[in-house]
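Below, chain A is the first sequence line, B the second, and so on; all start at residue 1. Because the structure is a prediction, the values reported are computed rather than measured.
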Amino acid sequence: MRTSTDHAANEKFSAPHGKAATAGIKSGSAPERPSSARAIPGRLLGVFRSLPGPLVGLIAVMIVFSVMSPYFLTWRNLSNIVTQNADIGIMAVGAALVILIGGIDLSVGSTLALSLMTSAWLFRAVGLPFELCVVIGLAVGAAVGLANGVLSTYGRIQPFVATLATMSAAAGLALYITNGNPINDFPDWYLALTSIDVLGIPLEGIIMVATFLLAAFWLRFRPTGRALYAIGGNAEVARLSGLNVTRIKIGVYVIAGFLAALAGVIVGSRLDSAQPTAGTADLLNVIAVVVIGGASLSGGSGGMLNTFIGLLIIGVLNNGMSLLNVSPNLQPVVIGIAIIIAVLTDRASRSRQTA
Amino acid sequence: MAIEAAGSGLVGEGLIKTYSGVPVLKSVDFRVTPGNVVGLVGENGAGKSTLSSVITGVLKPDGGSMQLDGALYAPSSPAEALRQGVALIHQETRLISDLSVAENIFLGRLPTHGGRVDWDSVRREAGLILDSLGVDLDVRRPVRGLSMAMQQEIEIAKALSRKPRYVVFDEPSASLGESETEHVLDRIRALSAAGAGVVYISHRLDEVREVSDEIVCLRDGNRVAHWHSGEVAKEEIINAMVGREFTYEHIAPKPSRSQTVLEVRGLGRRGAFAGINFEVAAGEVLGIAGLVGAGRSEVVRAIAGVDRADEGQVILEGRPLRCTSPRAAIQAGVVMVPEDRKGTGLNLDRSAEENLTLPWERDLARGGLMTRKIIRRVGAIQRERFDVRGNMALPVKSMSGGNQQKILIGKWLVKDPKVLIVDEPTRGVDVGAKMAIYEIIRSLAAGGMAVIVVSSELDEVLGLSHRVMVMSRGRQQGILAREQATPQRVMALAVHSSVPNGPEPLEGPQSPSSPATTL
């Protein structure tokens, strides 16, 4: 949080000279101080600085690992990184949207489990065709999202509390359906989701990237998607501007719930098993991805490209550490450090921009 | 006026402040002596607030030096400045709404007794300070829910409880009505009578002239004028501020047309206002005047669908307008420029052009898509139309107050509405931008739009409006035609308080010959 004093000072200062002061920022490097002697390193530094912070971090981590492990920089390994994190990535898209409007969704992992168990149970115990079961599972995910949205808007419960409640309820229901037992053996086409390649890329990776692209397109070009930034920045300004803030917020939670269920489809296919505890450990990873991608939990900032980079950073770190035989118990420690570094460097680059 | 002894006073010499390469103060000399009131004027961005920040330790100067009563004075923080007896009263209140009034006043230095907060003495002291200000308030109640004027009083009490020797008021009246402002001016007089040196920063020149012993004018970081008396012609000050000849005169608006656009019938909202009746014709500017808390903003908020009215109706071009949400009102062609630029008007972190398109994206989108090109174009059009200075692709907060206000108004004119409501059109903007905004409002009305202007500045309402509706305590006290609306008459109605409480015919005294006390 910025202090009130430098907030006021910033405004006062930049006020009359906005044009002059900001001209330098726009061009990225520092045109005001041309020093011909050190022009080339200066320009390189300028390019480096104009890159988004998370991307710089990703490149740095990749360079380190490719030096330390000969296996790291192989096509097989790189496509594994994307594929292995497809479920986290899909949930991170939903989480990023929710965080963008200033909310939070703690229920993603439990929603994944509940929707997956619902599909599997309908298939095994009720005997519905599996295609229909998958669709119903997705609907269950959306329904949990709807509950989150309604509770946090009409119900005026803070999103943290509302989704904490649905997280608990969904996790319990997922266990209740089969009394805690997994359901196995699904149709072949379902298992193919995570085992076939399209043009050399695993299908689940394509699904995840497509989800990111769709969300990015929506955020950038569609009025309702663009409205998320306005709502996260200042919901009252958005309301007075004629946006239906309540409906859009609910819609975002529904999307997040749906995407959690979609991630569940992938997890079930990958394991050929519906586990009632699937996904429950993913929540913190999902939020970590969004935060490393530079989104602020207070809303209004963040984007799909940065979230994707955040996903890759986590994926690369986990993968690289496994290649280097780092103890799995130490890996979360490194992720924790990465979160702190990401937030601190992000803040530094922001203050450089506003200065 | 106090005698200027050589060593006494708060003196700044050659103060320089540069902000990311841009000089904001260019070697400014400054002096305020005990018992003296120095009015500090200048357009937005002239360096007034920077100077006050330097004096009160919020900012460190890049050059120059300051002395406090002869000793070197270089405060490292506002707290340090306060300890040395220099207090700043900021234009925006910064109270913690869930804490009590007393606790806010003593925040950060609550007296303790045996390791526990001595609440008795906190309350007693806070009560005494407020009493001395003539404020009647329960010090145990939380700040939440108090009016802006009352919060400003608490802010003043908070500063005065430190018994400062020098007090800087940074636009304390920006959010206050006339009578509350008068109260602040009384405070300033009392302070200087008690021997404190006061710096008073304001855009309202009448107040500055009224209260100041000297007036200093800044322009572009330079001290361009210094009068040793408050008795300066307003035009002279304005000329010094803007650096060119300037006529502070209101042009009579073009006559309105006969066709009624908006009718308000018996509008009321519990606890806020009741019995509001008026109509606005095409090409007409209706002003709504009244003291702060009279319910002016509440009325227009209800018309624009921001709050819901409990009774009455709004009729737009002969058809009832269901103003249940801002969205409904906007779609019907009724838009409101809200008074609080930062809180409800603009998204300061987003770019100017994105702020402009926000209410209209559905209409502007081509094939359902908002492209950068469309946003750029809207930004360029509004920039040209309202003479906005600044980069439209940068966050709005990088612009000056006047340009932010133009963006805020421009945001509501991307598509021309049928009814434009402007709540405090020129709050916190400099004189140049003010004139530009008046010109915008006039030309919109001349083009046939129905305009409602709510303002705390009498000059503004009277100068812009064809007719002025005056409100007091949530009731309409009368509607005056331009020719009848003298400042005295409007004030008389505004302070009128003998409002019947029962369900009387609440038409309000429509005729100008209403029983109004003369001031």
Worksheet item: Would a distance-only check, ignoring hydrogens and angles, find a side-chain to backbone donor-acceptor pair under 3.5 Å from A/R239 to B/V306?
Response: yes

Discussion item. Quick check: closest heavy atoms across B/L358 and A/A230, and the distance to 0.1 Å?
Written reply: CD1-CB, 3.5 Å

Discussion item. Is A/Y229 in contact with chain B via its backbone, its side chain, both, or neither, using a 4.5 Å heavy-atom distance?
Written reply: both

Response to the item:
Heavy-atom closest pair (A/P223 atom, B/A365 atom, distance to 0.1 Å) is CG-CB, 4.1 Å

Discussion item. Can you give me the closest heavy-atom contact between A/L240 and B/W412, atom names plus distance?
Written reply: O-CH2, 3.0 Å

Fill in: Region of B/R350 that comes under 4.5 Å of a non-hydrogen atom in chain A
side chain

Discussion item. Is it true that, when you exclude A/Q158 itself, more than 12 heavy atoms of the residues, nucleotides or ligands shown sit nearer than 6.0 Å to its CD?
Written reply: no

Worksheet item: Between A/R226, A/E236, A/R220, which has the largest tally of heavy atom pairs under 4.5 Å with chain B?
Response: A/R226

Discussion item. More than 12 heavy atoms of other residues, nucleotides or ligands under 6.0 Å from NZ of B/K411: yes or no?
Written reply: yes

Worksheet item: Side chain, backbone, both or neither: which part of B/L346 has a non-hydrogen atom closer than 4.5 Å to chain A?
Response: backbone

Practice prompt. Select one option (side chain, backbone, both, neither) describing which atoms of B/T344 are under 4.5 Å from chain A's heavy atoms.
Written response: both

Discussion item. How close do B/R327 and A/L243 get, counting heavy atoms only, and between which atoms?
Written reply: NH1-CA, 4.0 Å

Worksheet entry | Side-chain donor or acceptor of A/N234 paired with backbone N/O of B/G343 under 3.5 Å | yes

Discussion item. Between A/T224 and B/E361, is the side chain to side chain contact (heavy atoms under 4.5 Å, CB included) condition met? List the steps.
Written reply: CA-CA 9 Å; A/T224 43; B/E361 298 216 332; over 6 Å; no

